[in-house]
Amino acid sequence: MRKYFAGVSAISLCALAAPALAETAEETAAVFGARQSVLHVSLSPSGKKLAYVAPFGSHGETLYTVDLEAGTPPQRSLVSDDISGDLTSCRWVTDERLICRLYMTTRDATLGKFLGGTRLIAIDADGQNAQSIEAPRNLRALAGIWNGGSIISLNSESSDSSILMSRQYVKEESLNTRLANSEDGIGVISYDIVSGKERKVEGPDKDARFYLADDSGRIRIKATQNLNPSGYYDDTVAYFYRTADSDRWLPLSRVEVAKGYTPGFRPQAVDAKSNLAYGYDVDESGHYALYSMSLDGANTRTKVFAVSDYDVDDVVTLGRRGRVIGASYATEKRYVRYFDPVMDELATALAGALPGRPPINIAGASSDENELLVIAASDTDPGMLYMFDQTAKSLSPLLPIREETVGRQLASMKAVTYTAADGTRVPAYLTLPPGSDGKNLPAVVMPHGGPSARDEWGFDWLVQFFAARGYAVLQPNFRGSAGYGANWFGENGFQNWRTAISDVNDAGRWLIAEGIADASKLSTVGWSYGGYAALQSQVLDPSLYKAVVAIAPVTDLRRLREEDREFSSYSLIAKQLGDGPHLVEGSPTQNVARFASPVLIVHGDADQNVNVEQGRRMNEALVKAGKTVEYIEFDDLAHDLDDSAARKEMLVKIDQFLAASLRN
C-alpha cells in the first residue's frame, strides 16, 4: 500500500490522470470492488502517532501504527485474518497503548442462524502485550455473553490509561454455591488498559440498552427498554439522566421506537460545561431537529437547530471526550453547522485550500486539539486523510481512503428531481459515464437500502463501477426514505410499498423521457431493501426494466416478520412491517407470475440482516415458475459482502448478466 506522509504535495495528488484505455470488466471490478484502504483511523493523545485499520488480504484486517514525529514507515501491529472475525476499530488511549474492537460471527446450530458478538482488546503500539477485556465466565452462566462492551469515554479518571466501558452481566446457576453471580444486565466499569485493573462505576440494569458520559467523563444518561412477559422488547425507550452533583437517576424522555418520526427527545451527547444534553426530536413540521435539554432538574427543552424540509441527523463532536461542536444534515449535499466559531472558520478555510472545495470531516484530534485528522472527499474523490497543525497552519496529506482510485477519472454525481405519476417531485442523484453526452445510454436505476435510509451525494463504489462500464445511474430517494421528514417517510417502504416502488419505477420512466436511457437497455440494481425494490418493481410493471439484479434482498415480508420470533426484537420488527394483505401483495416470492425480465440474485450465507433463505426462496420460486433467474451465494460472508475477491466476482457477474440481458 502506498503511503503519503510529510513532503508530498496535496495538490499533486488531486490531479487526474488521462482516462484509461478500454478496460476489461475484470480490471474495472478489481478497482471498485476493492475494500477501502483505510477502514478506521485514530490519532494519539499527543498527536504524534497515527493508527489505522486497513484490509489484510481479501477479507481480513490489520492494524498499522505510525510514529509521525520520527517519520518511520507504518508498523503492522495486529492482524485479523479469520473470515468470521472483523477488526472494526482501534483507538489510542495513551501514546503507547490502544483499545481495539472485534466483531465476530458464529452459526448457532439450534437457531440455524448466524449470531454476532463483540470483544475489546488492549494492545501496545508495537503489537505486544495483547490483553482481552472480558467479564469472568464459567459454566454456571445462564446465558452467553455476546456483548463484549463498548467504549463510553477515554481517559476517564485520574489515570490517562483508563477508559469507561459498558459491561454485560449474566446471572449464574446458584445451586450448591453461594458464589454465583446474581447480577443481570448492562453496567459500566472503569478499566485501566495498562494495569488491567477494573472498577465498577455503574451497577448492571437488566433493562439498560446504553449509557452516555459527558465530556468530563461522568455517566449522565441511561437508556432503558423493558422486556415484556413474552421476552420481547416494549415499543418505548426510556431515557434517564443525572444532575451534575447527584447519582440519582431522573426521568428525561420517552420515545416510541417501533415506527419512525415519533415525538420524544433522543439524547446523543452531553456537554458538561453547559450541563446540557443534545439530541433529536420531531419538530412541529414533522422533521428531526436538534434540541438541547437541561440536566439541572428543570428539563428545559430548547430547539437549537433545524433545516426546512430536511432532517438534522447527526451531532458533531470533537476530541477524545466528544466535545459538541455542531450538527450535520443532508440536503442535496451533506453540510455541518458548526456552533464553535473557531471550528467553523477552520473548516471553511480547509475546504477553500483544497481543489474543488471538498466537504471536510474532522476525524480525530490530539488531546489539546492542536493536531487534527481531516478527511476531504467528494463524489469524484473517495477521500484523502490529512493532518492539520493549528499552530503551524500546515496541512499534510497522509493516506488515500481508496488507493486503487488515486489518479483515476471518476464520474460526477448530480442532484436532480423527477415527477412521479401522482405529480410528486422526487429527489434523486444522476451519475453519467465520464465523457458521455448523457443520451441514449444503457442505464441502471439503483434504489437504496433501508428502507429507513437515503442516498447522499458522494463517492459510491457501486455507482462508479456502473459508470465506468458505460451506464447512466439514477438513485431515487423514493417516498419511504429517511431524511425528508415524517410525511415523506410515511409508514415506511414496506407498509407503503406501492408508493415507494411506484417512485422507483417512475425514476426509470424519467430516464427514458429525458432521452438519457435507451428504453431497451434499462435495468435496476439494488442491495438489501434496494434489492427488494428491484424485484418488486416487476410486480407493478414487468416490462419497464429489462434486467433485475437483487443483492441480499428481502423477498418475503411475512417470512421476514416471523424469522426473528426467537429474538427479543421480534415485536418491534412485527410492528414495523405491520400485518395485512400487503405482506403477500408486497412480497416478490408471492408474485413471481408477474415477472417477465431475467433476474440475478446475490446473497451471502452469513447474512444477519437479511437471512440467506430470503434469497434462496426467491430463486426457487422463480425457477419453479419457469422464469429466467441466476443465483450466486457466497460462503461465510455477511450482508455487506465485505470481501474484495467476492465483490470483484460479483461485479464481473453483474456486468456479464446485464450485457447479455440488454443485448437486444
Side-chain angles (χ1 to χ4, degrees), residues 13-39 55 332-334 355-356 358-359 375-384 400-416 428-436 438 441-449 454-477 507 511 516-517 523-528 530 534 549 551 602 640-659:
L13 295 175
C14 298
L16 293 176
L21 297 175
E23 290 180 322
T24 65
E26 289 80 3
E27 290 170 332
T28 309
V31 171
F32 295 109
R35 300 160 70 203
Q36 285 190 186
S37 306
V38 179
L39 302 172
E332 291 183 350
K333 296 182 180 180
R334 179 158 290 276
I375 296 177
S378 70
D379 57 338
T380 58
D381 182 359
M384 176 64 71
I401 301 303
R402 285 183 177 267
E403 185 183 17
E404 290 78 8
T405 64
V406 171
R408 183 184 180 100
Q409 184 179 14
L410 300 178
S412 60
M413 180 182 288
K414 176 184 177 183
V416 298
Y429 294 99
L430 176 65
T431 303
L432 299 176
S436 164
L441 298 170
V444 173
V445 171
M446 200 167 84
H448 61 72
R454 58 160 289 177
D455 274 319
E456 293 188 25
W457 179 88
F459 176 85
D460 185 308
W461 62 271
L462 200 54
V463 170
Q464 290 293 337
F465 171 78
F466 288 125
R469 297 300 294 165
Y471 292 87
V473 182
L474 186 64
Q475 299 168 271
N477 279 323
L511 284 172
I516 298 170
S523 60
T524 179
V525 179
W527 202 314
S528 194
V549 178
I551 307 167
V602 182
D640 55 3
L641 301 177
D642 195 18
D643 180 289
S644 296
R647 287 184 175 182
K648 176 184 175 182
E649 181 182 343
M650 177 185 72
L651 292 178
V652 171
K653 181 59 185 176
I654 292 174
D655 185 82
Q656 294 171 344
F657 172 79
L658 293 181

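Every value quoted in this text rests on a predicted model; they were computed, and no experiment measured them.
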Rounded to the nearest 0.5 Å, what separation is found between the CD atom of Glu456 and the CG atom of Asn477?
8.5 Å

Could you grab the distance from atom CD1 of Ile401 to atom CZ of Phe459, nearest 0.5 Å is fine?
11.0 Å

Begin with the C-alpha distance, continue with both residues' side-chain angles, and end with the deciding distance and a verdict on side-chain contact (heavy atoms from CB on, under 4.5 Å) for Trp461 and Thr405.
CA-CA 10 Å; Trp461 62 271; Thr405 64; over 6 Å; no

With no hydrogens and no angle check, is any side-chain donor or acceptor of Asp379 less than 3.5 Å from a backbone partner on Trp457?
no

How long is the gap from CG on Leu474 to CD1 on Ile516, to the nearest 0.5 Å?
7.5 Å

Minimal non-hydrogen separation, Pro447 against Ala534, with atom names:
CG-N, 4.4 Å

Can you confirm whether Met413 sits close enough to Ser378 that some side-chain heavy atom of one is under 4.5 Å from a side-chain heavy atom of the other?
no

Between Tyr429 (side chain) and Glu332 (backbone), is there a donor-acceptor pair under 3.5 Å?
yes

Do the side chains of Leu641 and Trp527 get nearer than 4.5 Å, heavy atoms only?
yes

Does any N or O in the side chain of Ser523 come within less than 3.5 Å of the main-chain N or O of Val445, such that one atom is a donor and the other an acceptor?
no

Extract all donor-acceptor atom pairs below 3.5 Å that involve side chains of residues 25-34 and protein atoms in other chains or at least two apart in sequence.
| from | atom 1 | to | atom 2 | distance (Å) |
| --- | --- | --- | --- | --- |
| Glu27 | OE1 | Thr24 | N | 2.9 |
| Glu27 | OE1 | Thr24 | OG1 | 3.4 |
| Thr28 | OG1 | Glu23 | OE1 | 2.8 |
| Thr28 | OG1 | Thr24 | O | 3.2 |

So, for Ala428 and Pro476, which heavy atoms are closest and what is the spacing to 0.1 Å?
CB-CA, 3.8 Å

Report the distance from atom CZ of Phe657 to atom CE of Met650, rounding to the nearest 0.5 Å.
13.5 Å

Does any N or O in the side chain of Ser528 come within less than 3.5 Å of the main-chain N or O of Gly530, such that one atom is a donor and the other an acceptor?
no

Which heavy atom of His448 sits nearest to which heavy atom of Asp455, and what is that distance?
CB-OD2, 3.4 Å

Are any of the side-chain heavy atoms of Thr431 and Phe466 separated by less than 4.5 Å?
no

Enter the distance from Arg35:CZ to Glu404:CD here, rounded to the nearest 0.5 Å.
11.0 Å

Which value, rounded to the nearest 0.5 Å, describes the distance between Leu410 atom CG and Arg402 atom CZ?
10.5 Å

Heavy atoms of Asp381 and Ala376 approach each other most closely as OD2-O, 4.3 Å

Yes or no on side-chain contact (heavy atoms from CB on, under 4.5 Å) for Val525 and Val473, after CA distance, side-chain angles and deciding distance?
CA-CA 10 Å; Val525 179; Val473 182; over 6 Å; no

Between Ala377 and Pro359 the two heavy atoms that sit nearest each other are O-CD, 3.1 Å

So, does Thr380 use its side chain to make a donor-acceptor pair with the main chain of Ser412 at under 3.5 Å?
no

Hey, are the side chains of Met384 and Val38 touching, using non-hydrogen atoms and a 4.5 Å cut-off?
no

Steps toward side-chain contact (heavy atoms from CB on, under 4.5 Å) verdict (Met446, Val549)
CA-CA 10 Å; Met446 200 167 84; Val549 178; over 6 Å; no

Going through the checks in order, is the side-chain contact (heavy atoms from CB on, under 4.5 Å) test met by Arg469 and Leu658?
CA-CA 11 Å; Arg469 297 300 294 165; Leu658 293 181; over 6 Å; no

If you compare all heavy atoms of Asp460 against all heavy atoms of Leu462, which two are closest, and at what distance to 0.1 Å?
OD1-N, 2.9 Å

Partner set under salt bridge (Lys or Arg N to Asp or Glu O under 4.0 Å) for Lys648, not counting sequence neighbours:
none

